[in-house]
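Please read the structure below before turning to the comments.
Chain A is the first sequence line, chain B the second, and so forth, proteins listed ahead of strands; every chain is numbered from 1. Quick note: numbers below take in every heavy atom, side chains included, and nothing from hydrogens, waters or symmetry partners.
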There are 2 protein chains.
Amino acid sequence: MPRLIVLYNTPEDVDAFEAHYRDVHTPIVSRYPKLRDTRLSKLVGVGGRESSYHLMAEMIFDSAADLDEALASEAGAASAKDLRNFAGAGVSMFIAPDEADA
Amino acid sequence: MPRLIVLYNTPEDVDAFEAHYRDVHTPIVSRYPKLRDTRLSKLVGVGGRESSYHLMAEMIFDSAADLDEALASEAGAASAKDLRNFAGAGVSMFIAPDEADA
């Protein structure tokens with residue numbers, strides 16, 4: 001199933017970031033039409049190193065059409081706009097169209 | 001289940017990258033002890049933009065101990081060493097310890 005993936009760089013104030021994500025951003029994302037599931041992962045580095053990314057959010061849809069609909073929705077626009085309120089450390093966003101077992 | 005995630009920056013020569021990944025790197029990764037599953041995703045950008053990442057590889061394990069064992073194994077060392085042979089465009093690596101449904 002296609003995933004919209006957002007990687008958040010480690011913020012200066014982790015507590016403030018997480019409070020905003022939980023209390024403001026998550027309610028916006030939950031309004032995505034046809035959102036099937038969300039996975040949030042707090043990332044850690046490999047071999048004791050720090051991860052430059054703090055959080056990975058995976059928004060999972062049944063189809064590419066549903067993912068595109070979410071991005072084009074009011075909630076999609078609102079979630080993009082909200083990034084400026086808490087993701088100043090930087091963010092990477094991409095789509096994993098589907099999963100191929102290797 | 002914990003995942004070892006590797007993001008590959010878009011290479012100059014995509015065909016050469018993919019041939020190396022398939023023919024050399026995948027056979028090494030497949031030797032990871034206790035590897036449960038692998039997902040490979042060719043990434044695309046959001047809203048028509050290009051993704052700076054080309055490929056996301058997710059190596060999935062039953063436990064953090066299994067993941068650590070894979071990293072410490074001969075295959076783990078060989079796969080890290082092999083990166084210099086095809087991932088010169090850059091690579092990001094981190095661990096998603098577990099999945100929390102939001």
Side-chain angles (χ1 to χ4, degrees), chain A residues 1-10 18 21-22 25-30 32 35-60 64 67-68 70-72 76-77 79-80 83 90-102, chain B residues 1-10 18 21-22 25-30 32 35-60 64 67-68 70-72 76-77 79-80 83 90-102:
Chain A
M1 298 199 294
R3 289 174 284 169
L4 172 63
I5 299 178
V6 184
L7 286 167
Y8 294 91
N9 290 2
T10 301
E18 297 198 339
Y21 198 94
R22 180 186 64 238
H25 201 68
T26 292
I28 298 171
V29 171
S30 69
Y32 283 0
L35 176 65
R36 174 62 59 192
D37 201 3
T38 300
R39 284 185 294 191
L40 297 178
S41 302
K42 288 191 194 175
L43 304 172
V44 298
V46 172
R49 286 186 288 276
E50 291 213 356
S51 173
S52 56
Y53 294 119
H54 175 65
L55 178 74
M56 177 171 65
E58 297 167 272
M59 278 66 71
I60 304 164
L67 191 158
D68 288 343
L71 286 172
S79 63
L83 292 178
V91 62
S92 300
M93 197 178 312
F94 48 82
I95 293 165
D98 215 20
E99 296 163 354
D101 287 345
Chain B
M1 297 200 296
R3 288 174 285 169
L4 172 63
I5 299 178
V6 184
L7 286 167
Y8 293 91
N9 291 1
T10 300
E18 297 198 341
Y21 197 95
R22 179 186 66 239
H25 201 67
T26 292
I28 297 172
V29 171
S30 69
Y32 283 1
L35 177 65
R36 174 62 59 192
D37 201 1
T38 300
R39 285 185 294 192
L40 297 178
S41 302
K42 288 191 194 176
L43 305 172
V44 299
V46 172
R49 287 186 289 276
E50 290 212 356
S51 173
S52 56
Y53 294 118
H54 175 66
L55 178 73
M56 177 170 66
E58 298 167 271
M59 279 64 73
I60 304 165
L67 191 158
D68 288 344
L71 286 171
S79 63
L83 292 177
V91 63
S92 300
M93 197 178 312
F94 49 82
I95 294 165
D98 213 20
E99 296 164 355
D101 287 345

Inspect the contact between B:Arg3 and A:Glu58 and indicate whether a charged nitrogen and a carboxylate oxygen are less than 4.0 angstrom apart.
-> yes
With a 4.5 angstrom heavy-atom cut-off, could you sort out which part of B:Leu67 is near chain A: side chain, backbone, both or neither?
-> neither
Would you mind checking which part of B:Leu71 comes under 4.5 Å of any heavy atom in chain A, side chain (CB onward), backbone (N, CA, C, O), both or neither?
-> side chain
Which answer fits B:Met56, side chain, backbone, both or neither, if we ask what part of it has an atom under 4.5 Å from a heavy atom of chain A?
-> side chain
If you tally heavy-atom pairs under 4.5 Å between each of B:Leu4, B:Leu7, B:Val44, B:Val29 and chain A, the highest tally belongs to B:Val44
For side chain to side chain contact (heavy atoms under 4.5 Å, CB included), just list the numbers for A:Glu18 and A:His54, CA-CA rounded to whole Å, side-chain angles, deciding distance to a tenth of an Å, and then say yes or no.
-> CA-CA 10 Å; A:Glu18 297 198 339; A:His54 175 65; 2.8 Å; yes
Under 3.5 Å, side chain of A:Ser41 to main-chain N/O of A:Leu43, donor-acceptor pair present?
-> no
Indicate yes or no for a side-chain donor-acceptor contact from B:Thr38 to the backbone of B:Met59 under 3.5 Å, with no hydrogens or angles considered.
-> no
